[in-house]
Amino acid sequence: MSDSRSQFIAGCDAKLRLVRAEADLTQEEMAYALGISKKTLVDIEKGRRTLGWTGAVALCSVFPASEVISSTFGGPPAAMIPVMAHTDRPSAPVPPGGNPWWEVVADNGRFVIEQNVISQHYRLLAQDRTKIAASFDIDDLLAQFNSQTQES
């Protein structure tokens, strides 16, 4: 599992109880909303278990207007979930320019690192705008950016 996914899941695990309180739900109601047992919910809230990828995505999908979730990830996670879902897979080229959601962080003429202004995650793009990688940690991408630059 990528570091981005692990960080995302850990953030959801840590904020689960607060999201439940924000929604004014009992443990039984929250467990039902997420499709898990009350015992599993209690174990997650106590740090003995984790939501995992599916549970974290469910939490963000079921509570898309949650201020707790938005403040945890710097905005609604709807944009970053698909990126994490497709990390380490080839992607179609990303359309160039004109996108107010992405800011160029590094560009060497062959590769570009951009940061999402809402979720703060980064993506590494090849010259043809094909996504190579994505991460919440720019150092992960800089290592690839620099190693990719030195090849060929």
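Note that the coordinates shown come from a computational prediction; the quantities given were computed from them, not determined experimentally.
The heavy-atom pair separating G109 from Q127 by the smallest distance is O-NE2, 3.7 Å. Closest non-hydrogen pair, A56 versus L51, comes out as N-CB, 3.7 Å. The two residues P76 and S70 make their nearest non-hydrogen contact at N-OG, 3.7 Å. Across all their heavy atoms, V117 and Q120 have their closest contact at O-NE2, 2.8 Å. Smallest separation of non-hydrogen atoms from W53 and I81: CH2-O, 3.8 Å. Nearest heavy-atom pair across L141 and A133 is CD2-CB, 3.7 Å.
Annotation: side chain of I113 is not in contact with side chain of V104 (no heavy-atom distance under 4.5 Å). Residues V112 and V105 have side chains not in contact (no heavy-atom distance under 4.5 Å, counting atoms from C-beta outward).
F73 pairs by the ring pair (Phe, Tyr, Trp, His ring centres under 6.0 Å) definition with F8, not counting sequence neighbours. For T50, the side chain to side chain contact (heavy atoms under 4.5 Å, CB included) test picks out I9, D13, with sequence neighbours left out. Under the side chain to side chain contact (heavy atoms under 4.5 Å, CB included) criterion, S71 pairs with no residue at all, not counting sequence neighbours. Residues satisfying the side-chain hydrogen bond (donor to acceptor under 3.5 Å, both in side chains) criterion with S37, sequence neighbours excluded, are T40. With sequence neighbours excluded, no residue forms a salt bridge (charged side-chain N to carboxylate O under 4.0 Å, His left out) with E22. Applying the side chain to side chain contact (heavy atoms under 4.5 Å, CB included) test to A23 and every residue at least two apart in sequence or in another chain returns L25, F63. Partners of P64 by side chain to side chain contact (heavy atoms under 4.5 Å, CB included), not counting sequence neighbours: none found.
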Does the pair L41 and I44 meet the rule for a side-chain contact (heavy atoms from CB on, under 4.5 Å), with working shown?
-> CA-CA 5 Å; L41 179 84; I44 296 166; 5.6 Å; no
Derivation of the side-chain contact (heavy atoms from CB on, under 4.5 Å) call for V19 and I69 = CA-CA 7 Å; V19 173; I69 293 171; 3.7 Å; yes
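Panel note: side chain S135, backbone I138; no donor-acceptor pair is recorded below 3.5 Å. Counting only distance, with no hydrogens or angles, the side chain of E114 and the backbone of R123 share no donor-acceptor pair below 3.5 Å.
Atom CG of D139 has more than 12 heavy atoms from other residues, nucleotides or ligands within 6.0 Å. Counting heavy-atom neighbours within 6.0 Å of E29 CD, excluding the residue itself, gives a total above 12.
Side chains of T130 and D128: a donor on one and an acceptor on the other come within 3.5 Å.
Considering CD of E67 and CG of L18, their distance stands at 12.5 Å, rounded to 0.5 Å. In this structure, CZ on F111 lies 7.0 Å from CG on L124, to the nearest 0.5 angstrom.
Pairs engaging residues 45-60 under the salt bridge (Lys or Arg N to Asp or Glu O under 4.0 Å) rule: R20-E45, D43-R48 [sequence neighbours left out].
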